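We name chains A, B, ... by the order of the sequence lines, and we start the count at 1 in each one. Keep in mind that what you see is a predicted model, and the values were worked out from it rather than measured.
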2 protein chains.
Amino acid sequence: MIDARAGDAWRPVERVRAYQHVVDQVEEQILAGALKVGDRLPGERELSARLQVSRAAVREAMRTLEAQGVVRAGVGSGPDAGTVVSAMPSEALTRLLRVHVALANFPVGDVIEARITLERSSAALAAANATRAAMSAIAAPLAAMEALEGGVDEDRRSYNDLDTTFHIAIAEAGGNRLVADMTIAIREAMRQPILASLERLGDDWPAVRRRLSEEHRGVYEAIAAGDGAAAADLVEAHIRSAHARLDGDR
Amino acid sequence: MIDARAGDAWRPVERVRAYQHVVDQVEEQILAGALKVGDRLPGERELSARLQVSRAAVREAMRTLEAQGVVRAGVGSGPDAGTVVSAMPSEALTRLLRVHVALANFPVGDVIEARITLERSSAALAAANATRAAMSAIAAPLAAMEALEGGVDEDRRSYNDLDTTFHIAIAEAGGNRLVADMTIAIREAMRQPILASLERLGDDWPAVRRRLSEEHRGVYEAIAAGDGAAAADLVEAHIRSAHARLDGDR
DNA sequence: CGCGCCATGTGGTCTGACCACATCGAGGTC
DNA sequence: GACCTCGATGTGGTCAGACCACATGGCGCG
């Protein structure tokens, strides 16, 4: 009997699907500099002719690239038409994380801890690097949240959106694109679950809202003061206490 | 003249593509618990009949879900055949990050800083949570790397692979799936660039290799001792000095 | 000169067919 | 009866060709 293990040198023929070849070739072209962000790649019909595959294969490749945020497809004619190379890692990362959070592939506790790790870093970076414009971008949602104080009670959705904007602005202010994009992806992925928690709060909402805004203000001022360590600690405390209040009494 | 801005309530008809509907429905089914990891979803022909779309649309949806690591497709018959729900966020995250790093959508410095942030966290978590099995998984590549000492010089690729395994093992040992997956994705995305840097090193390689192994040993022992703070600092120092040596004299 | 309309080219969708593959079971062989 | 062979079956993978909706830009008419 032939020992299969003796045939380690014999690996099964790699069966690469046609659309994967297309994906690879497009990536190669981008790598080689032949395609830059903003460029339109050949039409699907022309690509299928050049690569000697069916248009269906080309289209499946486009769906893969689109899911990864590498290209964007637009119909019609004009500048927005055609399939265009466009770097949208943030959106792709967000979609990816959102679906896996929704599918519960990541324990919620792990997501929160990861968020703390990233936002601590973001806050510290923001304290060190934030420009005036970036500080304004952080201050705007902060002021809007504070303006909700004393207003109607049913502003949970608005507050959640503003909170998302606030945290994203801090991440952007840090100046690290990857850290920012991962931070954004996590916060966006949590947008729905957090809103659901807010809805469950009932009458406690005004008190919680007040507390959250105070914490936001503290984070903002630490960043404005350039105190990275304090900003990091305050962000961590903010996220922890928020989740404790939202999920603790579930 | 009609002021277009007055028509904010009039949003353009949302033109949702057919395959996006398919993606949404599959995700809904998973969300609702009708589809769990490991389940096979209906065949492409049956899905297209049920959803009243063409099989091509179904297939494009599958490519999107596949790119996100939500499903896996297998031909033939039997248990591995058909399209199966399978949570593979790590692989999807790795693919996503690799392509965007390759496309230079993330500055290299940002990637390194993000890696440091995540691996600091991973190392500290590992020091606190690592099981005996996890420690063995870390020790194995460490020993293998040390065994390369004094051997042939052209082991750069092997060393790079073992280094990847080492860092991934630490991330896994921390016990936080999301942090681990992000750490893995970054290290994997850097595998090729780092190898390229190693190749550029020339005669300095043996000295660099020795230094890297010493640092690895230090990280390992800090984790084994349960000293999270030290492990985090050592990992950071390791990554910084490694990149300084690899890219500093470029 | 201005305006409307249609030719053009894009991605989006559909149909129906065939292929390669992996399994399973019916039937034959020993 | 045990074993083997080989085709039926059903899966995803691929292909060809057609039509649709859409956005533009140029042509021709008023």
Next on the checklist: Listing request: all side chain to side chain donor-acceptor pair (under 3.5 Å) pairs with a residue in residues 93-104 of chain B, at least two apart in sequence or in separate chains.
Outcome noted: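 Applying side chain to side chain donor-acceptor pair (under 3.5 Å) to every pair that reaches into residues 93-104 of chain B, excluding sequence neighbours, yields B:His100-B:Asn105.
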Contacts of [X] that satisfy side-chain hydrogen bond (donor to acceptor under 3.5 Å, both in side chains) - sequence neighbours left out:
X	answer
A:Asp161	A:Arg191
A:Thr117	B:Ser121
A:Gln25	none

Checklist entry - Restricting to pairs with a member in residues 24-51 of chain A, which pass ring-ring contact (aromatic ring centres under 6.0 Å, His included), not counting sequence neighbours? => result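 Listed once each, the pairs would be none.
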Item to check | Pairs flagged by ring-ring contact (aromatic ring centres under 6.0 Å, His included) wherever residues 167-192 of chain B is involved - sequence neighbours left out | outcome: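 Sorted result for residues 167-192 of chain B: B:His167-B:His216, B:His167-B:His238.
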Checklist entry - For residues 54-73 of chain A, which residues have at least one heavy atom under 4.0 Å from DNA chain D? => result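 DNA chain D contact set from residues 54-73 of chain A: A:Ser54, A:Arg55, A:Ala57.
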Next on the checklist: Can you list, in residue-number order, the parts of residues 77-89 of chain A that come under 4.0 Å of DNA chain D, counting heavy atoms only?
Outcome noted: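 Going residue by residue through residues 77-89 of chain A, the ones with a heavy atom under 4.0 Å of DNA chain D turn out to be A:Ser77, A:Gly78.
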Checklist entry - Considering residues at least two apart in sequence or located in another chain, which fulfil the ring-ring contact (aromatic ring centres under 6.0 Å, His included) criterion with A:Tyr19? => result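 For A:Tyr19 there are no ring-ring contact (aromatic ring centres under 6.0 Å, His included) partners, ignoring immediate neighbours.
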Checklist entry - Taking only residues two or more places apart in sequence, or in another chain, which ones meet B:Phe106 in a ring-ring contact (aromatic ring centres under 6.0 Å, His included)? => result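 Listed in chain order: nothing, the list is empty.
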Next on the checklist: Is it true that A:Arg45 and A:Ser48 share a donor-acceptor pair across their side chains at a distance under 3.5 Å?
Outcome noted: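 No, A:Arg45 and A:Ser48 have no side-chain donor paired with an acceptor closer than 3.5 Å.
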Item to check | Basic-acidic side-chain contact under 4.0 Å: A:Glu66, B:Arg63 | outcome: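 Between B:Arg63 and A:Glu66 there is no salt bridge, as every charged N stays at least 4.0 Å from the carboxylate O atoms.
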Item to check | Nucleic acid contacts of residues 43-51 of chain B, taken as heavy-atom distances under 4.0 Å to DNA chain C | outcome: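 Close to the strand are B:Arg45.
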Checklist entry - Which atoms form the tightest heavy-atom contact between A:Thr164 and A:Glu188, and what is the distance? => result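 Taking A:Thr164 first and A:Glu188 second, the nearest heavy atoms are CG2-OE2, 3.8 Å.
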Item to check | Residue whose nearest DNA chain D nucleotide is more 5′ - A:Arg17 or B:Gly76 | outcome: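 Between the two, 5'-proximity favours B:Gly76.
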Checklist entry - Does any non-hydrogen side-chain atom of B:Val99 lie less than 4.5 Å from one of A:Ile30? => result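 They are not in contact (no side-chain heavy atoms under 4.5 Å apart), so the answer is no.
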Item to check | Terminal contacting nucleotides, 5' and 3', DNA chain D versus chain B (heavy atom, 4.0 Å) | outcome: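 Endpoints of the contacted stretch of DNA chain D: D:dG10 to D:dC22.
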